[in-house]
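What's counted below: heavy atoms across the whole structure, side chains too, no hydrogens, waters or symmetry copies. Since we're looking at a predicted model, the values are computed, not measured.
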Amino acid sequence: MLETEFNVRSPAPGWREETQRAASPEVLLETRALCFDAGGRRLIDRIDIDIRAGRRTMIMGANGTGKSLLLRLLHGLIPPTRGEVLWRGRPLDRGGRHAQAMVFQRPVMLRRSAIANLRFALAVRGFTGSERTTRETEALQRAQLEGLAARQARVLSAGEQQRLAVARALSCAPRILFLDEPTASLDPVSTHAVEQLIREAHADGVTIVLATHDVGQARRLGDDLVFMHAGRVVETGRVSDVLNAPRSEAARAWLEGRLYLDSSS
Amino acid sequence: MSSFLASLGEAVGLIVTGDPDLLEIIGLSLRVTLTAVAAACVIGLPIGAVVGALRFPGRSLAGVILNSLMGLPPVVVGLMVYMALSAGGPLGPLGLLYTPTAMIIAQTILVTPIVAALTKQIVEDLHADYAEQFASLEVGPFDRVVALLWDARFSLMTVALAGFGRAVAEVGAVIMVGGNINHVTRVMTTTIALETSKGNLEVALALGVVLLTIALIVNGAVMTFRATAARVTYA
Amino acid sequence: MTRRTLLGLAVAAVAIFGQSDRSSATEKFIVVQSTTSTDHSGLFDRILPVFQEKTGIEVRVVAVGTGQAIKNAANGDGDVLFVHDRDAENEFVADGHGVSRADVMYNDFIIVGPPADPAGVAGATDAVVALSRIADSDALFASRGDDSGTHKAELRLWRQAGVDVVAASGSWYRETGSGMGATLNTAIGLGAYSMVDRATWISFGNKHGYRVMVEGDPRFFNQYGIILVNPDKHPRVKAKWGQQFVDWVLSSDGQTAIASYKLDGRQVFFPNARRVP
Ligand SMILES: Nc1ncnc2c1ncn2[C@@H]1O[C@H](COP(=O)(O)OP(=O)(O)OP(=O)(O)O)[C@@H](O)[C@H]1O
Ligand SMILES: [Mg+2]
């Protein structure tokens, strides 16, 4: 259903912006002056972003800049100090979170077999009987882990765990998937496999929000880019625009590998 | 030293001859203790898991209480249970005083806080690991507790063993509520106390060796089970 | 593998828990609150089977100090009281906890001491003189200190000797607050004198050269009594069976059984029931 909306995309940037505005996919998630304080410090500072259905938003920025915190806030895992997160125009509630899934920077695997990890997530999300079995099998296939279904999830390699985590998140049929540096410690082959999972999910209509330090990955996977610095969003735009011609000093410095110290923060 | 060796010899003799009185006492000891540990696990595991995994008002107070109850003196427990089960006590009409059931009740009270407090610690550590994933999946409190208990099951066997150790070695509570009645409520520890008070120190020590052997066997059995199960699980 | 281990555990569990539980198998039983001296000496092992054979009633003995036995019985936790402290027993009946009291048997107390006999009391037959001598010497004395029949009898003798043991407690007079056996073990560890009933002493296994130092004083007389706990006051008392036991103990059958019990070839309890039904 969403696919059709995105099949009208064109490689010509200018034209595409026009089309998008015309099609104007639903805003799934938006933040209003979102702030988060901890330890007497403002770690997330007045963030306003919109995430539209079917888009792939990349979140980039230096270490400790607040990417993971932002994802947690968007997913409703931590309550904002100020401001709010709106899911389809309304405050995020239980039903909202049910339509979301997250893959953490360090994937959390239950002390069970790979398939039992999938089963647990599916059971919690209310899938039963043959539907659950079907989804388990699908997820294992997608993650290319059929042969390792009975293996303890914690003894899987980092790449296998990451694939399982993504497959587990997707098995619950979320509308939006948050991923926090899902390929940070993976080799190119595993990275490719995880990216492929993300691409397939997107093709199935899942909205993607992904934090990454990998410029190539952002180019490969992303539509939009949110660039953060010191808890603030300093630049947003289409991935290629921001990466090719950053407007903010923070993004420019980061891309050049310079340390950027913002005098205003 | 020589009397210690004599005790060892006596212990071996008692075991190999399969003295029927001794077997009866060992059987009752195991029955009372294992039942009490099982009951303590049924009560203590969920309590420990709830306190360890869920956030609710008074949670840290509950943790403090559990930890303090671990130090409950057996004699005090014996006294409480005695007063409850005594003919004039609130549970007197049940007629449970001086029965194995009374001993099981006393030991359950003694062991439950240990099981609960150790479970709380283990579950809390595991939950620290799982919490975000649980929150992301919106796992409800009941499912959380069940999942944590299940995933911690191998560590929790050690908790049950700690409870077993306390219960099987305990004498103060069971002698008070059981009465150490021959063939009815006489267990290993009360027999050891009895033989000591009769001045039969060698016999008492021999029984102590037997008790230790049983504890070793039970611990060995559980640890073997744990290792086997873990090997199968993590293969 | 796991399944087989589980099966093994299940079998073990059945073996342990499936065994007949005598507390439920025998419904016809009474509880007798008694003292360590009667139980630990082996007397009950000797006479109770005779009674059970005859009546089918199982007698379950809770052996504690006389003081505690009386308290337990006063709580209604027992059908018969079989102890040795006549004053306390009479009080128990006077308070309505017991139906009536009857003499059953007696034995005697003795004072035992270390082979070196530091107070020089060996061979004495006057308990009061011997105790005074112990008090005047540097020797230690270990007392039950637990309100038991033996403890009370010991305190009576100290009073007659004019020794204030309360003041001496902690110095040469040591109160163990424990049963007879534990007190003897302590006395032997300390090299202290102690007072004990003869039956317990003969059956005591940890003597370490300790000997009977003082015996034969009429004041060492140790009377045992039996009381049926009052069913009017404590409705759960099994009065019929309890009475059967009391009657049997006082009958010539019971008295003969008591007299026939010997330790090391010597009679240790001397039946003296006045009421012979
Ligand atoms: N609960 C907390 N209490 C205090 N400080 C916190 C808390 N959580 C995060 N922080 C701080 O907030 C800042 C942002 O953390 P966050 O994990 O969001 O960074 P990040 O952008 O994801 O970095 P990285 O690229 O290294 O993953 C860090 O300085 C971190 O130390
Ligand atoms: Mg991060």
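For residues 204-214 of chain C, the pairs satisfying side chain to side chain donor-acceptor pair (under 3.5 Å) are C/Asn185-C/Asn206, C/Asn206-C/His208, with sequence neighbours left out.
For B/Arg226, no part lies under 4.5 angstrom from a heavy atom of chain C. Contacts between C/His40 and chain B at a heavy-atom distance below 4.5 Å involve backbone atoms as well as side-chain atoms. Both the backbone and the side chain of C/Asn72 come within contact range of chain B, with heavy atoms under 4.5 Å apart.
Among B/Thr185, B/Leu194, B/Asn180, B/Val222, the residue with the largest count of heavy-atom pairs under 4.5 Å with chain C is B/Leu194. No other option in B/Ile181, B/Ile26, B/Val203, B/Ile175 has as many heavy-atom pairs under 4.5 Å with chain C as B/Ile181.
Within residues 79-90 of chain B, the residues having any heavy atom under 4.5 Å from a heavy atom of chain C are, by residue number, B/Tyr82, B/Ser86, B/Ala87, B/Gly88.
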Any chance you could lay out the side-chain contact (heavy atoms from CB on, under 4.5 Å) test for C/Val31 and B/Leu97, step after step, and finish with the verdict?
-> CA-CA 10 Å; C/Val31 171; B/Leu97 193 66; over 6 Å; no

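Summarising the geometry, atom CG belonging to B/Asn182 is positioned 9.5 Å from atom CG belonging to C/Leu48; distances are rounded to the nearest 0.5 Å.
The two residues C/Arg60 and B/Tyr98 come nearest to each other via the heavy atoms NH1-O, 4.4 Å. For the residue pair C/Arg236 and B/Leu94, the shortest heavy atom distance occurs at NH2-C, 4.5 Å.
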